[in-house]
Amino acid sequence: MQTYEGGRYDVIVVGAGHAGSEAALASARLGQRTLVLAISLDLVAFMFCNPSIGGPAKGHVVREIDALGGEMGRHIDETYVQMRMLNTGKGPAVRALRAQADKHLYSLRMKAKLEAAPNLTLRQAMVTDLLVEDGRVSGVVTRTGAVYRAKAVVLTTGTYLGGRILIGELAYDSGPNHTQPATELAERLRALGFRMMRFQTSTPPRIDGETIDYDRLEEQPGDPEPEFFSYETTAPRPEPQLSCWLTYTRPETHAVIAANLVRSPLASGAIQSVGPRYCPSIEDKIVRFHDKPRHQIFLEPEGRGTREVYVQGMSTSLPEDVQIQVLRSMPGLERAEMMRPGYAIEYDALDPTELWPSLMTKRIEGLFTAGQLNGTSGYEEAAGQGLLAGINAARYVEGKPPVVLGRDQAYIGVMIDDLVTKGVDEPYRLLTSRAEYRLLLRHDNADLRLTPLGYEIGLISEARYRRFLDKVRQIEAERERLLTVRLRPDAETNARLAEAGLPPLENALTLSDLLRRPDVTYDALARLFPPPEPLPKAVREQVEIQIKYEGYIAKLLKDVEKQHKLEHKRLSPSLDYGAVYGLSTEGREKLMKVRPLTIGQAARIPGVTPADIAALIVHLEGRRTIEVGRHG
């Protein structure tokens, strides 16, 4: 094919999904001339699966993206149709915000933001080849022959690589939502020597909301006073929130599915690729949990301007005729009309142990990857990786060291460390249980953890940073007041406590001692002993959590300090593990594959034993390790 020069850029982002959008905006906002190449400009940041953002761990990531200066939090606040805080009856570590999105508005407005961003060019094109010179990426080639050159390239290809859709007995090459698959680029990555995996996921049918009998369903409304993902959002959207609805499968449902399992490629074994454990298909649920008489099915609106309703919990690859039988077997859906059938999709993913913690590939310098290409699932996981990949691609161009988040800093740090250190054998989903420091990585304190870093990187404005510092000042001042003001067990104090329904004091206490009692809330305490200035809800919440959980937090911080000592022991990317005496055979193999950059990372590699770590430390004594430099 005849090629031609399409132009020169600092950073090229391939793909404009949730990872690509964050990567491109971060790179451009950091001053790099950025090109985004997308297979379809009609599907920018499109929600191919569920029309929602957030939830446990995922909502934490969205807050972290916002605290670092990314876009997803602001964007969902501008386009939600419902906002709801989950796990409010549990501790602060697992509380999480979840939003239903107007999926079409979400996509349209994200495209508009990309179009309007300075330093950013958005073009429709399919990338078929990577240009590599002397071990470094130098550009890309499109199917039409355009050659675009850049110092760094970020691949965010989603489920397009080698995409193949399956609906019952029907199978054909396709990207998500019946779009074009990216076949040539998948072949090129294999030719370059990358270890690739074959994964699959599935999506449920969409039904016509006008054919649902809502009187037979349980309503799931949004919060009357919603909270938001972005720290910059100050007021709710003017439109009323839309409700979701809950129904259940029945024995009749299970019987239809069981009778047709042989026609499901997911259940019959026709699909050999690996699917997500934590988001199983309806066929898989019936087989694995055959003792359960019913399963929850949520009906979620896809937006204000459409009648399509997403059937959450019914991901499937069953034939279309069976899908409609399954739908109509459930309460409230007896007359349901299916607007789009569900389907399974197989796709290629990269072994993430091929990456440095910066998300740059080990094989090709200047080539970064993010999102489902790295073996993850979910919009939020993709966006978090995309933000870091975009930041680090921009810093790579400038010759600056990469930004790497620790496991004690962010869920994004937990995710990336899991990927590059442990690898994956199924689509990776973030869970609160994956974070050993989850009490430190709360939904409420993402700005305290990450906004200073976002400001240092250059993605947080001066005005926003000053507002953040004012919030920190208020928290510290109120904490100091509660820690120092002492109450005497006199008649006046006990009378005030009795009016609030609290037991009298027997000994002198500080306000903080009183707040630590399970039956005392900050708001109740502040009404009795008000602070010198009115405090916003976010400050009051932070003060209460920090004081009530102070002992647990202090214990975790000691563990973090111990771990940091291992993280500060650096390893050279080119260390000859064959020369390290005392390593086990498996440990040596795993260390050579992952090439950890610190002793701490090495200790987290599956198959590397404490004895292997001890041998590594002994080997390093008296040896000068090579600094990580541009790998991160």
Donor-acceptor pairs under 3.5 Å, side chain of residues 237-246 to any protein atom, not counting sequence neighbours: which ones?
from: Arg237; atom 1: NE; to: Glu78; atom 2: O; distance (Å): 3.1
from: Arg237; atom 1: NH1; to: Tyr80; atom 2: O; distance (Å): 2.9
from: Arg237; atom 1: NH2; to: Glu239; atom 2: OE2; distance (Å): 3.1
from: Gln241; atom 1: OE1; to: Met83; atom 2: N; distance (Å): 2.8
from: Gln241; atom 1: NE2; to: Asp223; atom 2: O; distance (Å): 2.8
from: Ser243; atom 1: OG; to: Glu219; atom 2: OE2; distance (Å): 2.6

Should Asp348 and Arg198 count as an ion pair when the cut-off is N to O under 4.0 Å? yes

Of all pairs that satisfy side-chain hydrogen bond (donor to acceptor under 3.5 Å, both in side chains), the ones with a partner from residues 285-294, not counting sequence neighbours: Asp284-Arg288

Partners meeting side-chain contact (heavy atoms from CB on, under 4.5 Å) with Ala500 (sequence neighbours left out): Leu502, Leu528

Contacts of Glu71 meeting side-chain hydrogen bond (donor to acceptor under 3.5 Å, both in side chains) (sequence neighbours excluded), chain-then-number -> Arg29, Arg74, Lys113

Salt bridge (charged side-chain N to carboxylate O under 4.0 Å, His left out) pairs, two or more places apart, involving residues 48-59: Lys58-Glu380, Lys58-Glu381

Determine, for Arg540 against Glu544, whether the closest basic-nitrogen to carboxylate-oxygen distance falls under 4.0 angstrom. no

What residues form a salt bridge (charged side-chain N to carboxylate O under 4.0 Å, His left out) with Asp418, not counting sequence neighbours? Arg407, Lys422

Are the charged groups of Asp321 and Arg263 less than 4.0 angstrom apart, N to O? yes

Using the ring of each side chain (for Trp, its six-membered ring), is Tyr160 parallel, tilted or perpendicular to Phe48, with breaks at 30° and 60°? perpendicular

Please indicate whether Arg250 has more than 12 foreign heavy atoms, meaning atoms of other residues, nucleotides or ligands, lying under 6.0 Å from its CZ. yes

Within 45° of the ring axis of Tyr231 and under 6.0 Å from its six-membered ring centre, is that where the NZ or CZ of Arg63 lies? yes

For Leu170, the side-chain contact (heavy atoms from CB on, under 4.5 Å) test, sequence neighbours excluded, returns Tyr172

Between Glu302 and Arg307, is there a salt bridge with N-O shorter than 4.0 Å? no

Are Glu308 and Lys103 within salt-bridge range, i.e. N to O under 4.0 Å? no

May I ask you to check whether His18 and Phe46 place their ring centers less than 6.0 Å from one another? no

Asp447: what forms a salt bridge (charged side-chain N to carboxylate O under 4.0 Å, His left out) with it, not counting sequence neighbours? Lys471

With sequence neighbours left out, write down each residue that passes side-chain contact (heavy atoms from CB on, under 4.5 Å) with Arg517, or none if nothing qualifies. Pro503, Leu505, Leu509, Leu514, Asp519, Val520

Who pairs with Tyr522 by ring pair (Phe, Tyr, Trp, His ring centres under 6.0 Å), at least two apart in sequence or on another chain? none

Mind jotting down which residue pairs meet the ring pair (Phe, Tyr, Trp, His ring centres under 6.0 Å) criterion with at least one end in residues 250-275? Sequence neighbours excluded, please. His254-His295

In chain order, what residues pass the side-chain contact (heavy atoms from CB on, under 4.5 Å) check against Ala524, with sequence neighbours excluded? Thr521, Arg527

Indicate yes or no for a side-chain donor-acceptor contact from Thr376 to the backbone of Gly371 under 3.5 Å, with no hydrogens or angles considered. yes

Distance-only polar pair, side chains of Arg328 and Gln323, donor-acceptor under 3.5 Å: no

